[in-house]
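Keep in mind that this is a model prediction, so the values were computed, not measured.
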Amino acid sequence: MGKEILVYMLVFGMVFFLGDFIHNYYIQNQEISLGFSLRNMYAFHAFFSLQLCIIFALLSNNKKINPQLGFIYLASFVLKIIAFCAIFYNPLFTVEKLSSIQRISLLIPMFIFLIIEVYFIIKIINRNHSLK
């Protein structure tokens with residue numbers, strides 16, 4: 001369990017730093033002003049995805065909750081969207097219209113971390129179903 005959590009921390013940490021660095025490097029080289037902090041976007045997704053994976057790894061040991069992990073993940077995904085909208089309310093809803101580069105820059109971190117998060121969650125769910 002400890003090794004598994006360490007892997008999650010390393011993967012999400014590396015993706016946070018590399019993704020943020022590469023994305024900011026591109027934005028700065030193109031001299032684009034986003035109007036929001038890319039680092040905060042990457043930090044939110046990295047932190048929330050890491051927490052979900054750790055919680056699911058811990059919950060997967062509970063025999064009563066284990067069969068419901070897929071449904072719990074769907075609910076946690078909705079919670080993640082709500083939290084994201086609440087935390088980043090100003091850049092999302094107070095700007096008259098987001099440019100296409102701003103919209104893409106909002107979606108890139110979400111999709112990167114979502115892919116990794118889903119990969120780990122599927123591994124957790126499948127590992128426990130194969131134990132039965």
Side-chain angles (χ1 to χ4, degrees):
M1 179 68 64
K3 179 183 163 194
E4 186 178 14
I5 292 173
L6 182 61
V7 168
Y8 299 152
M9 292 172 67
L10 288 173
V11 169
F12 285 115
M14 286 183 357
V15 171
F16 166 72
F17 287 114
L18 285 173
D20 179 54
F21 175 77
I22 293 168
H23 202 154
N24 272 315
Y25 180 78
Y26 175 78
I27 295 295
Q28 290 172 355
N29 277 352
Q30 299 298 318
E31 297 179 1
I32 298 169
S33 175
L34 292 177
F36 55 83
S37 170
L38 254 172
R39 176 159 287 142
N40 288 344
M41 298 287 171
Y42 275 91
F44 171 82
H45 289 294
F47 178 76
F48 205 99
S49 294
L50 174 63
Q51 296 308 310
L52 275 178
C53 289
I54 291 172
I55 289 169
F56 273 73
L58 296 173
L59 287 177
S60 69
N61 295 324
N62 185 323
K63 292 190 186 314
K64 285 185 177 181
I65 295 176
N66 190 6
Q68 304 302 320
L69 286 179
F71 295 113
I72 295 170
Y73 178 71
L74 291 175
S76 68
F77 184 72
V78 172
L79 178 65
K80 182 179 181 179
I81 292 171
I82 292 169
F84 181 80
C85 291
I87 292 170
F88 297 104
Y89 180 82
N90 286 335
L92 291 175
F93 301 113
T94 59
V95 175
E96 186 127 341
K97 182 175 172 154
L98 292 172
S99 69
S100 59
I101 194 73
Q102 288 174 316
R103 282 183 266 153
I104 291 169
S105 290
L106 282 170
L107 293 176
I108 288 173
M110 182 185 75
F111 284 126
I112 290 171
F113 285 101
L114 181 62
I115 290 167
I116 298 167
E117 174 185 310
V118 168
Y119 172 76
F120 284 135
I121 297 293
I122 288 172
K123 280 183 68 171
I124 291 169
I125 290 173
N126 286 340
R127 176 189 67 212
N128 291 316
H129 285 295
S130 66
L131 294 177
K132 290 182 178 180

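Ile101 CD1 to Leu106 CG: the interatomic distance, rounded to the nearest 0.5 Å, is 10.5 Å. Here the CG-CD distance, from Leu74 to Gln68, works out to 11.5 Å after rounding to the nearest 0.5 Å. Between Ile87 atom CD1 and Ile82 atom CD1 the span is 12.0 Å, to the nearest 0.5 Å. Taking CE of Met110 as the start and OH of Tyr42 as the end, the distance is 12.0 Å to the nearest 0.5 Å. Of the inter-residue distances, the one linking Leu69 atom CG with Asn62 atom CG reads 9.0 Å to the nearest 0.5 angstrom. We find the CG-CD1 distance between Leu6 and Ile54 to be 10.0 Å, quoted to the nearest 0.5 Å.
Note: the hydrophobic cluster containing Phe71 does not contain Ile121 (ILVMFWY, side chain heavy atoms under 4.5 Å, direct or indirect links). By the rule that hydrophobic residues join a cluster once side-chain heavy atoms approach within less than 4.5 Å of another member, Val15 and Met9 end up as members of one cluster. By the rule that hydrophobic residues join a cluster once side-chain heavy atoms approach within less than 4.5 Å of another member, Leu58 and Leu52 end up as members of one cluster. At a threshold of 4.5 Å between side-chain heavy atoms, the hydrophobic network of Ile, Leu, Val, Met, Phe, Trp and Tyr places Val11 and Phe47 in two separate groups. The hydrophobic clustering, which links ILVMFWY residues whose side-chain heavy atoms are closer than 4.5 Å, places Leu34 and Ile22 apart.
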Side-chain donor/acceptor pairs under 3.5 Å, residues 111-120, sequence neighbours excluded:
from   : atom 1 : to    : atom 2 : distance (Å)
Glu117 : OE1    : Ser49 : OG     : 2.6
Glu117 : OE1    : Lys80 : NZ     : 2.9
Glu117 : OE2    : Tyr73 : OH     : 2.6

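In this view, Phe44 and Phe48, Phe84, Phe88 satisfy the ring pair (Phe, Tyr, Trp, His ring centres under 6.0 Å) rule, not counting sequence neighbours. For Arg39, the salt bridge (charged side-chain N to carboxylate O under 4.0 Å, His left out) partners two or more places apart in sequence, or in a different chain, are Asp20.
Between Arg127 and Glu4 there is a salt bridge, with a side-chain nitrogen of the basic residue lying less than 4.0 Å from a carboxylate oxygen of the acidic one.
Closest non-hydrogen pair, Phe56 versus Ile72, comes out as CZ-CG2, 3.7 Å. For Ser60 against Ala57, the heavy-atom pair with the smallest separation is OG-O, 2.7 Å. Pro109 and His23 make their closest contact through CD-CE1, 4.4 Å (heavy atoms, listed as atom of the first residue, atom of the second, distance).
Looking at Ile124, Asn126, Ile125 one by one, the single match for side chain to side chain contact (heavy atoms under 4.5 Å, CB included) with Ile122 turns out to be Asn126.
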Side chain to side chain contact (heavy atoms under 4.5 Å, CB included) between Ser105 and Gln102, worked out: CA-CA 5 Å; Ser105 290; Gln102 288 174 316; 5.7 Å; no
